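This one's a predicted model, so the numbers in the text were calculated from it and none came from an experiment.
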Amino acid sequence: MTSRLRRLTAGLALAAAALTAASSGASAQVAKEVFSAVKAPAALAPQSLGFYSKGCLAGAATLPIDGPHWQAMRLSRNRHYGHPAMIAFLQRLSEKAAAIGWPGLLVGDISQPRGGPLPFGHASHQIGLDADIWFRPMPSPRLTPQQREDYPFRSVLKKGTFQVDDRIWDARYAGLIKLAAEDAKVQRIFVHPGIKKKLCETAGRDRAWLNKVRPYYGHNEHFHVRLFCQPGSPGCTAQQSTGSGDGCGDLDWWFDVALQPPKPGTPPAKPKPPLTVADLPGACRSVLAAPANGSGGGSLVAAVPAASALVSQERAAFPQLPVAGPLPRERPLN
């Protein structure tokens with residue numbers, strides 16, 4: 001072997017080792033810090049990868065911050081991206097909602113530009129198939145971008161109770177949820193148990209859509225829409241079926257057990273360690289490394305220390321509101 005060939009072989013070996021080390025280091029990074037630092041979608045074909053609470057999103061579409069019948073909220077969070085099917089659903093729902101007299105949707109969090117774990121606020125919303133819709137009609141005049149940063153959430157429950165406040169709630173609220181549930185792409189909708197109870201009491205004979213409406217902690221100032229895994233996403237992990245029936249006979253546990261204060265002396269739940277990039281589907285590393293959509297350049301991943309500072313600023317600017325009632329340690333999967 002010539003000296004030149006030996007030098008070339010040694011150089012290639014060093015480069016390979018460096019790439020392996022870099023890949024290992026990136027995999028060990030806290031995923032919520034890495035994904036929140038990316039500011040633009042990946043220039044890849046649309047695809048949801050992994051599960052709703054453990055995955056990422058390639059080829060995201062962007063919900064325009066203003067539409068004929070919607071406004072995107074909390075713009076500084078940079079969470080108005082989703083699978084194209086979700087963006088189309090929100091636009092479609094806004095048109096149907098206008099037809100029943102809902103003045104316009106206020107759309108909360110969908111996903112980050114490349115999905116992945118969020119720095120605060122949700123465990124899900126990672127694969128572009130979850131979206132929050134506020135229980136507040138769009139006001140007139142429309143909100144400015146700055147007003148959307150601190151426009152207050154509003155619970156539809158009576159203060160200090162688990163009952164819907166009829167001074168706020170009217171037929172349009174139930175109609176909006178029904179429209180969303182009847183969409184064939186919707187897998188389930190999360191609402192507070194008190195809201196599910198109200199829907200069960202007022203739905204009448206047309207009740208099939210109630211099957212998709214699932215009681216869950218919080219969700220008293222917004223409802224959460226989740227779509228099925230979409231065609232073209234073989235790496236998307238589906239959630240279990242909602243089964244059959246309207247679910248109205250299963251609410252006692254929520255009020256008698258789940259929403260009750262914990263017994264004295266009950267130790268707090270131990271926090272789970274944050275997901276790392278290595279915990280996510282392997283394809284998510286390719287999503288992170290892909291060039292930005294429309295940029296023609298490389299990845300827009302910022303350094304993790306900068307991402308950590310940004311997370312701290314956003315968390316301080318948008319503290320999470322307390323849910324209506326205590327949270328027990330164990331949460332149901334459905």
### Query
Could you go step by step and tell me if Val164 and Ile195 meet the side chain to side chain contact (heavy atoms under 4.5 Å, CB included) rule?
CA-CA 6 Å; Val164 167; Ile195 296 172; 4.1 Å; yes
### Message
Pair Gln239, Leu129 - check side chain to side chain contact (heavy atoms under 4.5 Å, CB included), show working.
### Response
CA-CA 12 Å; Gln239 189 167 9; Leu129 298 176; over 6 Å; no
### Task
Test side chain to side chain contact (heavy atoms under 4.5 Å, CB included) on Tyr173 and Ile168 and set out the steps.
CA-CA 9 Å; Tyr173 287 77; Ile168 298 173; 3.6 Å; yes
#### Entry: side-chain hydrogen bond (donor to acceptor under 3.5 Å, both in side chains) between Glu149 and Ser76, worked out
CA-CA 7 Å; Glu149 297 302 316; Ser76 63; 2.7 Å; yes
### Query
Where do Arg148 and Leu106 land on the side chain to side chain contact (heavy atoms under 4.5 Å, CB included) test, with the steps shown first?
CA-CA 9 Å; Arg148 295 179 226 186; Leu106 296 182; over 6 Å; no
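Gly128 and Met86 make their closest contact through O-CB, 3.4 Å (heavy atoms, listed as atom of the first residue, atom of the second, distance). Taking each heavy atom of Pro119 and Gln112 in turn, the nearest pair found is CD-OE1, 3.4 Å. Nearest approach of Leu251 to Lys197, heavy atoms of both residues: CD1-CA, 3.7 Å. Heavy atoms only, all atoms of each residue included: Cys236 and Ile127 are closest at SG-CD1, 3.9 Å.
Remark: of the listed residues Phe190, Phe135, Tyr216, Phe135 is the sole one forming a ring pair (Phe, Tyr, Trp, His ring centres under 6.0 Å) with Phe223.
Side chains of Phe120 and Arg77 form a contact here, defined as non-hydrogen atoms less than 4.5 Å apart.
Residues Asp165 and Lys158 are not paired through a salt bridge, judged by the lack of any N-O separation under 4.0 Å between the basic side chain and the carboxylate. The residues Lys185 and Asp183 are annotated as not salt-bridged, no charged nitrogen and carboxylate oxygen being separated by less than 4.0 angstrom.
Within a 6.0 Å radius of NZ in Lys178, other residues, nucleotides and ligands contribute more than 12 heavy atoms.
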